[in-house]
Amino acid sequence: MVPMKRALIVEFAKMSGAGNDFIVLDNRFYHFSAEELSAIARRMCPRRHGIGADGLLALEPAKQNGAAYRMVYINANGSEGTMCGNGACCLVRFARQAGFDADDVTLETASGLCRAHVKADAASPVRIYMQVPQHWRPSVHLHDTLPEAIDHVHYLWPGTEHIVCFTAGVADAPVSTWGPAIRHDPALAPAGANVNFVEVRRANTLTVRTFEKGVEAETLACGTGAVASATAAWLTGKVATTCIRVDMPGGTLTVGLDKDQVYLEGPAVSVYRGSFEANPADLSS
């Protein structure tokens, strides 16, 4: 008889970046495969049935020269994401607490290398320097009819796919209805896109709500969504400064724009630490 595989006890940190929350693992120790991380995310991210999180982050050894470590980001539905701005902020905070004691560090992500500034003070914000968003497409034509409150949608790629929709009254917008319809529009197939609903409040301030693919729901904050929204606002002349405040339901992020790079700055806090049993069915034999 083949002995039954025992459950593995996995230590984790629950972390939050402006309400965008994550389960964070030190995969330098566990060596979970991508398939195993996906299975764990699908089981542990659902709220009220698991730990509850928008996604799972794994700290791994770097594969590229010049990087201190690698971030693997898994969406709540088990799909691997290319970039997560708030996730990157949380991971570099986690890595700092795990022994990477430099204030300035380069991390590897699925969308490329990016630099980060993270102080030892856990209450200080984290700043991530990212590549300038690519593939700017103003006024994208979608197959389906837009809501009357939205005239145009804009597409760009700050490490993952994003649509930006400028509209008034964002606080009352039916994001749970508009978001899935735009996210799954045939014109955006096959990858789809995160959908940001953006209101310009002042010359340097946006209010943004984001429907995230992979989570398939509105999240309290989205780092790449903040970068996409700020960049689109600048390119369309809706803001007059390159340092932009982005208010999201879970908190405030800051985006700085430059011709060679952009930065995202925001909170990255440890909520609690704990452990869970990795179900034998989640693990490869």
Side-chain angles (χ1 to χ4, degrees), residues 17-18 20 55 71 73 75 80-89 91-92 106-117 126-142 150 152-167 170 179 182-183 185 187-188 190-200 203-215 219 221-248 252-266:
N20 205 182
M71 177 182 82
Y73 172 57
N75 291 303
E80 185 170 357
T82 51
M83 181 56 179
C84 177
N86 287 322
C89 288
L91 190 84
V92 297
T106 298
L107 70 149
E108 177 186 345
T109 75
S111 65
L113 299 180
C114 59
R115 295 185 299 111
H117 182 74
V126 176
R127 179 176 288 192
I128 299 290
Y129 294 89
M130 304 162 56
Q131 61 180 315
V132 174
Q134 302 174 22
H135 312 306
W136 167 246
R137 291 164 53 198
S139 300
V140 175
H141 176 72
L142 300 183
I150 300 172
H152 304 285
V153 300
H154 311 287
Y155 178 92
L156 66 172
W157 195 88
T160 188
E161 300 84 0
H162 276 274
I163 285 287
V164 175
C165 312
F166 291 102
T167 187
V170 162
I182 297 173
R183 178 258 188 273
D185 191 276
L188 303 174
N194 301 283
V195 186
N196 305 279
F197 300 94
V198 184
E199 182 175 1
V200 181
N204 69 336
T205 304
L206 308 176
T207 297
V208 179
R209 293 173 63 189
T210 302
F211 184 92
E212 283 201 52
K213 69 186 183 82
V215 181
T219 54
C222 176
T224 52
V227 171
S229 299
T231 303
W234 170 254
L235 290 173
T236 55
K238 290 180 171 59
V239 294
T241 176
T242 55
C243 183
I244 301 167
R245 170 178 170 143
V246 182
D247 293 327
M248 292 184 147
T252 296
L253 302 173
T254 301
V255 176
L257 305 177
D258 186 80
K259 64 178 182 179
D260 298 319
Q261 65 179 3
V262 301
Y263 71 77
L264 172 73
E265 184 174 277

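In what follows, every heavy atom counts, from backbone to side chain, and hydrogens, waters and symmetry copies are set aside. All residue numbers refer to positions in the sequence shown, counting from 1.
- A distance of 10.0 Å separates SG of C89 from CG of N20, quoted to the nearest 0.5 Å.
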side-chain contact (heavy atoms from CB on, under 4.5 Å), that's the test. Do C165 and I182 meet it? Break it down for me.
CA-CA 10 Å; C165 312; I182 297 173; 4.0 Å; yes

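- Taking 4.5 Å as the limit, some side-chain heavy atom of N86 sits within range of a side-chain heavy atom of L253.
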Show me the donor-acceptor pairs, under 3.5 Å and distance only, between side chains in residues 130-137 and residues at least two apart or in other chains.
residue: Q131; atom: OE1; partner: Q134; partner atom: NE2; Å: 2.3
residue: Q131; atom: NE2; partner: S111; partner atom: O; Å: 3.3

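- Taking both residues in full, the closest heavy atoms of G223 and L264 are given as CA-CD2, 3.6 Å, listed atom of the first, atom of the second, then distance.
- By the ring-ring contact (aromatic ring centres under 6.0 Å, His included) test, F166 pairs with H154, sequence neighbours left out.
- With values rounded to the nearest 0.5 angstrom, N204 atom CG is found 8.5 Å from R245 atom CZ.
- V208 is not listed as a side-chain neighbour of V170, based on a closest heavy-atom distance of 4.5 Å or more.
- With rounding to the nearest 0.5 angstrom, the CG atom of D258 is 10.0 Å from the OH atom of Y263.
- Under the 3.5 Å distance criterion, the side-chain polar atoms of T210 are left unmatched by any main-chain donor or acceptor of E212.
- For E265, the side chain to side chain donor-acceptor pair (under 3.5 Å) test picks out R127, with sequence neighbours left out.
- Counting only N and O atoms by type, the side chains of T252 and D247 include a donor and acceptor under 3.5 Å apart.
- In this structure, L107 and C114 have side chains that are in contact, with non-hydrogen atoms separated by less than 4.5 Å.
- Considering all non-hydrogen atoms of both residues, S139 and H152 come closest at OG-ND1, 3.6 Å.
- A heavy-atom distance below 4.5 Å is not found between the side chains of E199 and R209.
- For the pair H162 and T224, the tightest heavy-atom approach, listed with the atom from each and the gap, is NE2-OG1, 2.8 Å.
- Nearest heavy atom pair, residue L188 against residue A193, reads CD1-CB, 4.1 Å.
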Candidate pair E161 and Y155, rule side-chain contact (heavy atoms from CB on, under 4.5 Å), full reasoning:
CA-CA 8 Å; E161 300 84 0; Y155 178 92; 3.3 Å; yes

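- When every heavy atom of V227 is checked against every heavy atom of P158, the shortest pair comes out as CG1-CB, 3.9 Å.
- In this structure, C222 and F211 have side chains that are not in contact, with every pair of non-hydrogen atoms separated by 4.5 Å or more.
- Remark: side-chain polar atoms of N196 are not paired, donor with acceptor, to backbone N or O of V198 under 3.5 angstrom.
- You'll find the side chain of T160 stays beyond 4.5 Å of the side chain of Y73, heavy atoms only.
- Judged by distance alone, the side chain of N194 and the main-chain N or O of K213 form a donor-acceptor pair under 3.5 Å.
- Note: I128 CD1 to R115 CZ = 10.0 Å, rounded to the nearest 0.5 Å.
- Atom NZ in K238 sits 10.5 Å away from atom CG in L206 (nearest 0.5 Å).
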